[in-house]
Protein chains: 4
Amino acid sequence: MVILVAMPRTAPEPRRLGRPPASDAHDTRQRILDGARAAFAEHGYDATTNKHLAVAAGITTGALYHYFDSKFDIYVAVHADAQERVYSRFTHAVADTTTFIGGIQAVLDAAHEMNTVDPTLAQFLGAVRVDMQRHPELRSALGRHARRRRGFFDELVERGIETGEIDVTDRERAQSLVRAMLIGLNDAVSDDLTAHRLAVEGLKLLLEGKLLKPVD
Amino acid sequence: MVILVAMPRTAPEPRRLGRPPASDAHDTRQRILDGARAAFAEHGYDATTNKHLAVAAGITTGALYHYFDSKFDIYVAVHADAQERVYSRFTHAVADTTTFIGGIQAVLDAAHEMNTVDPTLAQFLGAVRVDMQRHPELRSALGRHARRRRGFFDELVERGIETGEIDVTDRERAQSLVRAMLIGLNDAVSDDLTAHRLAVEGLKLLLEGKLLKPVD
Amino acid sequence: MVILVAMPRTAPEPRRLGRPPASDAHDTRQRILDGARAAFAEHGYDATTNKHLAVAAGITTGALYHYFDSKFDIYVAVHADAQERVYSRFTHAVADTTTFIGGIQAVLDAAHEMNTVDPTLAQFLGAVRVDMQRHPELRSALGRHARRRRGFFDELVERGIETGEIDVTDRERAQSLVRAMLIGLNDAVSDDLTAHRLAVEGLKLLLEGKLLKPVD
Amino acid sequence: MVILVAMPRTAPEPRRLGRPPASDAHDTRQRILDGARAAFAEHGYDATTNKHLAVAAGITTGALYHYFDSKFDIYVAVHADAQERVYSRFTHAVADTTTFIGGIQAVLDAAHEMNTVDPTLAQFLGAVRVDMQRHPELRSALGRHARRRRGFFDELVERGIETGEIDVTDRERAQSLVRAMLIGLNDAVSDDLTAHRLAVEGLKLLLEGKLLKPVD
DNA sequence: AATGAATGAGACTTCATTCAT
DNA sequence: CATGAATGAAGTCTCATTCAT
């Protein structure tokens, strides 16, 4: 006896021409952005192709251009989106603290938690700096955002000077160091959650003077 | 009857085919490597074209293939070359010190000096990590080198444990932190010599416990 | 119980789906034709996109397909429309004259006046010949119209033979020349009203034998 | 018994990778130009694809870019080539004459002969005016050449004024008319050799006052 | 009757690589 | 050893057309 059953197809049919049923512009746009963040984070601006972006969003390459004028514009939009998410979170975290060390630790904790929830954010923002350096157009398009980022950490140092944690003559040293440390944490270890947690713990100890004991 | 006379050419001919008289294989190979380091550092693996590499070496794209089988191989060779230069220098610098802090400081000083003499080294090594992440082939080809890099810093931490500067229970925290810090210094500020110096000074102060004063 | 109240909208909604209340099919069709004539005249068949046509008609690209099956069909319809306007005007103008020279002058005057009122007509008809040559489909679709055009001028020559202005042995020379002259006037100078007027005046003088004086 | 013979292949093998034997840069470049002239003349700038140009030259689309930076540049190069050929010929032809009418007739004869030998020249130059109107980039790139063209005919009118054939007050009428007539001859009938000859003969008669007899 | 999301084919261009010279 | 002509695959983007709403 043979039983014929309507089998669910294993490979999804290629979509038909024309507007698909149940399509929603806002949804699609967000799918493009989310897929693009992951793709750009993994492959960088150059190596991420149109095809990557389209497949990640479940559409064809042509349809991308219904939402954005160019791959470049997609990158810029992803960046604005990511930057907004991260720094609004950081700003909230820092608002609950009063000291420099407290602020740094709050940022580290927030970064670690965000990285746990969605690692593509950190990966993408780490990749941005490199892509910006490699592509002058990106540099000028994202420059404004980059200044916001820097401003955020400079204000944290300023707070440290006000509280007396940092000597005013060390302002610039502290600014450069903070930038280097946080970028290091992001770029070096954010792709390995355990290493990230360890480095964050190590840095907290170091800041509190508990990591190193002097020997003569 | 035909008379052959050596005619003086009025206009300089474009370079002829065949082996140019003054070429030296070893020289050319090194020119390729040096030019490629700068190019890869600036544009990354993808955006660096064979034309870039050829022009930087003063030859044509076809000639590249006398020295290397592919662009990929050139990248690997540049990496081996750069890695060797940097870590033999670091090894020497560390050999003159006995403590963890002393070793770190010696590495920082060496890094800053190398960066002053030839910034393409630091830039290239910063770019490598990104390119490795973006290209699986590179990851597997350069993995061995990466392990050497990591081993170098892990040994420095080991030394800190032996001298008592670092508690053995903090080993992994220290390892992750050292990696993050040095990568941060390289990636975040090595393109700006002043910022690099400031961050290095800041880090030295921090390690000595002199950057931050606790407030309650 | 449900209370329905006509709510005043605060912000004007983007146009809703469905049939707009104030639309008139015939109007829209003519708007498409008028906009298309100008667009095809300016950019030609290839470079004119459906987006151009839609914007010029104040609708979207999808809506074009309610009125025409394809861009090709729009072109054909524009051509029929333009041809009809021009040649009904020419036919009237010629009807008031009796000689070959009189007919030609009437046509020249009519052409100049139409060009003053709406230059897109002349521009479009000038563009058609080129587009026909470039696209075999257009050639076969518009061939019938082209034969009408040619017939019109051939009849004018025929009249010249009847009146004795043109020797019957010169029939074909005159036909070819008339075609070349009128096309030249249209293509070469119809985009510059002053030049067009000057050329028309010059041609009238030439036909009357007053432009050139023989020298030996 | 089986006899094996080297059979000539009916379909030519696709060319292999790498430099083909017996390849010559200058030859290829000229093949590109010649093929492009015909293609641009037939299909116009827009509808002529890379593939057309490549096939006409017997190479692949990629190889085109070994010789020119863009399709645009190929068009410009074809134009410079065509313009040079035509106007150096015209200049020679006119040099043997002394009157306006003589010059015009010499030009007409030269045009007809060139058109007999290689019709693509006239076709291409006819197409240029249209393409220039449709593409602003072409307009600015070819503007200089266009002015030369116009200058040539204006000088012929100047000569007519000097010889007394044309009244000085008719200068601009004559200029516009000459332009329109020659463009008409080129655009309207140059694709039909017989019609071209007939129109040229008709124009000569008209200029000599022998085509039309006045009736009252 | 109209919108606008989506497809798919194809255009222009770049580039790593190959190979005759 | 070196040049530079050529390929072929792939990438970004455009556009006529289709179709759910």
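Here is how names work: the chains are called A, B, and so on, in the same order as the sequence lines, proteins then strands, and each is numbered from 1. It should be emphasised that the depicted structure is a prediction, and the values quoted were computed from it without experimental measurement.
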Tell me: CG of D27(D) to P of dG4(F), nearest whole Å? 18 Å

5'-most contact on DNA chain E (nearest-nucleotide basis), Y45(D) vs D69(B), goes to Y45(D)

Specify the separation, in whole Å, of atom NZ of K51(B) and atom C1' of dT13(E). 16 Å

Interatomic distance, R29(B) CZ vs dC1(F) P [rounded to whole Å]: 12 Å

Writing each nucleotide of DNA chain E 5' to 3' as (, ), [, ], | or . by Watson-Crick or G-U pairing under 3.5 Å yields .||||||||||||||||||||

Report the residue (S70(D) or L64(C)) whose heavy-atom-nearest nucleotide on DNA chain E is the more 5′ of the two. L64(C)

Of the options dT7(F), dT13(E), dT3(E), whose atoms approach the side-chain atoms of I59(D) most closely? dT7(F)

For H52(D) and dA11(E), give me the distance from atom NE2 to atom C1', rounded to whole Å. 11 Å

5'-most contact on DNA chain F (nearest-nucleotide basis), T60(B) vs T61(C), goes to T60(B)

For F68(A) and dA5(E), give me the distance from atom CZ to atom C1', rounded to whole Å. 14 Å

Remember a base hit wins even if backbone is also touched, and classify Y67(A) as base, sugar-phosphate or nothing at under 4.0 Å, heavy atoms. sugar-phosphate

Atom CD of Q30(B) and atom OH of Y67(B): how far apart are they, to the nearest 0.5 Å? 12.0 Å

Pairwise distance NE2(H145(A)) to NE2(H79(A)) - rounded to 0.5 angstrom: 6.5 Å

Does dA2(E) have OP1 or OP2 sitting under 4.0 Å from an N or O in the side chain of T28(C)? yes

Does OP1 or OP2 of dA5(E) have a side-chain N or O of H66(A) closer than 4.0 Å? yes

Using OP1 and OP2 only, check whether a side-chain N or O of Y65(B) sits under 4.0 Å from dT17(E). yes

How long is the line joining CD1 of I74(D) and C1' of dA11(E), in whole Å? 14 Å

Side chain of A63(D) - closest among dT7(F), dA2(F), dA2(E): dT7(F)

Taking R134(D) first and then D131(D), would you say they form a salt bridge - that is, a charged N and a carboxylate O separated by under 4.0 Å? no

Sequence-distant partners of D73(C), salt bridge (charged side-chain N to carboxylate O under 4.0 Å, His left out), two or more places apart: none

Before accepting this row, confirm whether a basic side-chain N of the pair R37(C)/D34(C) lies closer than 4.0 Å to the acidic partner's carboxylate O. yes

Using whole Å, what does the distance between atom P of nucleotide dT12(F) and atom CG of D73(A) come to? 14 Å

Distance below 4.0 Å between N50(B) side-chain N/O and dC15(E) OP1 or OP2: no

Whichever of G62(B) and G62(D) has the more 5' nearest nucleotide on DNA chain F, that residue is G62(B)

Parallel, tilted or perpendicular for F40(A) and Y75(A), by the 30°/60° rule? perpendicular

Any idea which of dG8(E), dG11(F), dT3(E) is nearest the T49(A) side chain? dG11(F)

OH/Y45(C) to CD/E137(C) distance, rounded to the nearest 0.5 angstrom? 6.0 Å

Nearest whole angstrom, please: distance from the C1' of dC15(F) to the NE2 of H43(C). 15 Å

Do D46(B) and H135(B) pass the side-chain hydrogen bond (donor to acceptor under 3.5 Å, both in side chains) test, and can you show the C-alpha distance, the side-chain angles, and the key distance before you say yes or no? CA-CA 9 Å; D46(B) 286 306; H135(B) 294 275; 2.9 Å; yes

